[in-house]
Amino acid sequence: MSRTAADAALEAAGALQTLVEKALVLTERAPDTFSGGAGPAAFDRLYGGLIAAQALRAAGGTVVAPMVPQSLHVHFLRLGSPDAELLLSVERVRDTRRGATRLVRAEQDGRLVALATAAFQVPQPGIEHGRTTLSAPDPEELPTRTASLQARFGDALPPNARAVWPIDIRHIDRAPWTIGGSTEPRNRMWVRAAAALPADPLLQACVFAYASDLTMFEPVIYPHEHDARPLSWEAMIHGEVRGGSLDHTIWFHRPFRVDEWLLHEHVSTVAAESRGLTTGQYRTPDGTLVASVAQEVAVLHDPRPEGPP
């Protein structure tokens with residue numbers, strides 16, 4: 001049975017609560033060593049955005065106000081389990097009056113899953129540019145992710161589309177499952193947390209880090225949906241395409257709230273050697289650029305064999 005809009009909103013808010021109150025509440029195991037709980041059950045592997053969010057949370061736990069996140073760089077080294085504890089060890093690389101740098105090692109069962117560096121700074125006025133006039137539809141007039149999926153698949157949702165996301169995403173140009181959509185390697189969407197959050201800048205940045213990894217692969221596959229070996233969302237559903245994030249970078253330019261609408265514009269500038277690069281910008285509705293992201297993904301194409309198995 002199809003979920004109503006109200007049901008979907010409540011489920012998304014519940015997933016956000018799990019993220020904020022469980023996954024992002026870290027346990028201190030030793031000085032500068034923390035463990036993170038499981039996040040919302042959205043993926044069959046340890047989601048890269050959750051690693052990024054927990055690494056930023058751990059690093060932020062070793063700096064003091066008024067320092068706020070400046071940047072985050074994550075290298076994903078191997079797949080992790082969504083059910084195993086993630087251990088986060090923080091090294092205090094640099095501390096000054098105006099900033100701090102941390103190196104975070106994320107491990108599961110003694111194996112290194114990811115390395116992250118996080119930079120923090122004390123807010124300070126200075127030169128500014130990066131504002132423009134937006135031309136985009138009102139997010140409240142666009143379908144939610146749930147509504148878009150139900151319009152495309154009805155009650156026969158693919159298994160990988162049934163998970164509830166704690167982030168409200170409203171595609172503008174196209175969704176990955178759109179039939180006959182643009183094959184340009186770019187896309188736009190409105191993004192925000194599924195419910196209101198506390199004003200804490202570190203928490204807001206951590207939830208943003210979680211959200212920023214959800215859709216970065218999309219522009220990489222769009223130009224190849226009609227190749228001789230199609231690279232499409234459907235191919236991913238059937239296991240013909242495998243992939244994952246290799247590294248992920250965020251630059252926090254200005255204060256912002258992730259529980260308010262942000263326009264995400266991203267473009268894939270290159271794909272080669274089974275890797276694709278996407279860069280993105282996040283702007284508030286008044287056109288202010290508040291964050292930039294970059295990600296390289298691995299894309300491995302394994303078409304299903306023809307004929308009976």
Side-chain angles (χ1 to χ4, degrees), residues 42-43 47-53 56 69 71-76 130-139 142-145 148-149 165-178 181-193 204-205 207-225 231-233 236 241 243-254 256-258 260-272 274-299:
F43 301 94
Y47 166 53
L50 179 62
I51 297 173
L56 182 58
S71 64
L72 177 69
H73 308 268
V74 187
H75 294 274
F76 302 107
R131 304 178 193 272
T132 189
T133 300
L134 297 186
S135 177
D138 185 337
L142 296 170
T144 64
R145 175 175 178 269
S148 178
L149 282 166
W165 286 6
I167 306 300
D168 188 350
I169 294 178
R170 314 276 180 105
H171 286 90
I172 297 174
D173 299 317
R174 62 162 296 178
W177 47 86
T178 300
S182 170
T183 57
E184 289 294 313
R186 64 184 70 248
N187 206 7
R188 297 177 301 160
M189 65 198 70
W190 288 103
V191 177
R192 70 175 176 186
Q204 293 272 340
V207 174
F208 176 83
Y210 181 97
S212 68
D213 187 31
L214 287 170
T215 61
M216 292 293 282
F217 75 93
E218 293 177 7
V220 175
I221 67 173
Y222 289 161
H224 306 284
E225 290 184 330
L231 185 62
S232 64
W233 197 71
M236 296 173 67
V241 177
S245 306
L246 296 174
D247 46 42
H248 189 79
T249 296
I250 305 169
W251 295 272
F252 300 96
H253 306 310
R254 294 180 172 93
F256 66 93
R257 295 187 64 107
V258 73
E260 297 177 353
W261 286 119
L262 298 170
L263 179 67
H264 182 201
E265 301 178 273
H266 56 185
V267 58
S268 177
T269 52
V270 63
S274 296
R275 291 175 286 119
L277 177 69
T278 299
T279 59
Q281 298 182 335
Y282 285 82
R283 295 181 183 272
T284 56
D286 68 359
T288 301
L289 181 62
V290 295
S292 297
V293 294
Q295 183 181 96
E296 188 174 50
V297 298
V299 181

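Quick caveat: nothing in here was measured; it's all calculated off a predicted structure.
Residues passing the salt bridge (Lys or Arg N to Asp or Glu O under 4.0 Å) test with Glu218: none are found, sequence neighbours excluded. Looking at residues two or more places apart in sequence or on another chain, you find no side-chain hydrogen bond (donor to acceptor under 3.5 Å, both in side chains) involving Asp138. With sequence neighbours excluded, the residues forming a side-chain contact (heavy atoms from CB on, under 4.5 Å) with Pro69 are Leu56, Phe120, Leu202, Ala205, Phe252, listed by chain and number. Under the side-chain hydrogen bond (donor to acceptor under 3.5 Å, both in side chains) criterion, His248 pairs with Ser212, Gln295, not counting sequence neighbours. Under the rule for a salt bridge (Lys or Arg N to Asp or Glu O under 4.0 Å), Asp247 has no partner lying at least two apart in sequence or in another chain. The side-chain hydrogen bond (donor to acceptor under 3.5 Å, both in side chains) search around Arg257 returns Asp259, not counting sequence neighbours. For Ser71, the side-chain contact (heavy atoms from CB on, under 4.5 Å) partners at least two apart in sequence or on another chain are His73, Ala119, Trp251. Evaluation of the side-chain contact (heavy atoms from CB on, under 4.5 Å) rule for Ser274 yields Leu300 as partners, not counting sequence neighbours. Considering only residues two or more places apart in sequence or on other chains, Pro143 meets the side-chain contact (heavy atoms from CB on, under 4.5 Å) condition with Ala147. Residues that satisfy the side-chain hydrogen bond (donor to acceptor under 3.5 Å, both in side chains) test with Arg192, not counting sequence neighbours, are absent from this structure.
Screening residues 285-295 for salt bridge (Lys or Arg N to Asp or Glu O under 4.0 Å) gives no qualifying pairs among residues at least two apart or on separate chains.
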Below 3.5 Å, can you tabulate the donor-acceptor pairs from side chains in residues 263-270 to any protein atom, sequence neighbours excluded?
from, atom 1, to, atom 2, distance (Å)
His264, ND1, Tyr282, OH, 3.2
Ser268, OG, Leu277, O, 2.9

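Between the side chain of Tyr210 and the main chain of Tyr47, no donor-acceptor pair closer than 3.5 Å is present. Side-chain atoms of Arg170 never come within 3.5 Å of backbone atoms of Trp190 as a donor-acceptor pair (strictly under, hydrogens ignored).
Nearest approach of Ile172 to Ala136, heavy atoms of both residues: CD1-CB, 4.2 Å. Residue Thr284 comes nearest to Leu134 through the heavy atom pair O-CD1, 3.4 Å, listed as atom of the first residue, atom of the second, then distance. Scanning both residues, Ser292 and Gln281, for their nearest heavy atoms gives OG-CG, 4.3 Å. Across all their heavy atoms, Gly130 and Arg283 have their closest contact at O-NH1, 3.3 Å. Here the closest heavy-atom approach between residue Met216 and residue Gly280 is recorded as CE-N, 4.3 Å. Residues Leu289 and Ala291 share a closest heavy-atom pair of CD1-O, 3.6 Å.
Inter-residue side-chain proximity for Val191 and Val258 is flagged as unmet; no heavy-atom pair is nearer than 4.5 Å. Looking at heavy atoms from C-beta onward, Thr278 lies in side-chain contact with Val220 at the 4.5 angstrom threshold.
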>> Walk me through whether Ile167 and Val207 qualify under side-chain contact (heavy atoms from CB on, under 4.5 Å).
In response: CA-CA 9 Å; Ile167 306 300; Val207 174; 4.2 Å; yes
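Put simply, CD1 on Ile250 and CZ on Phe208 are 5.5 Å apart, with the number rounded to the nearest 0.5 Å. With values rounded to the nearest 0.5 angstrom, Thr288 atom OG1 is found 11.0 Å from Leu262 atom CG.
Under the side chain to side chain donor-acceptor pair (under 3.5 Å) rule, Tyr222 has a single partner from Thr183, Asn187, Thr178, which is Asn187.
In summary, the side chains of Asp173 and Ser182 do not present any donor paired with an acceptor at a separation below 3.5 Å, with no hydrogens or angles considered.
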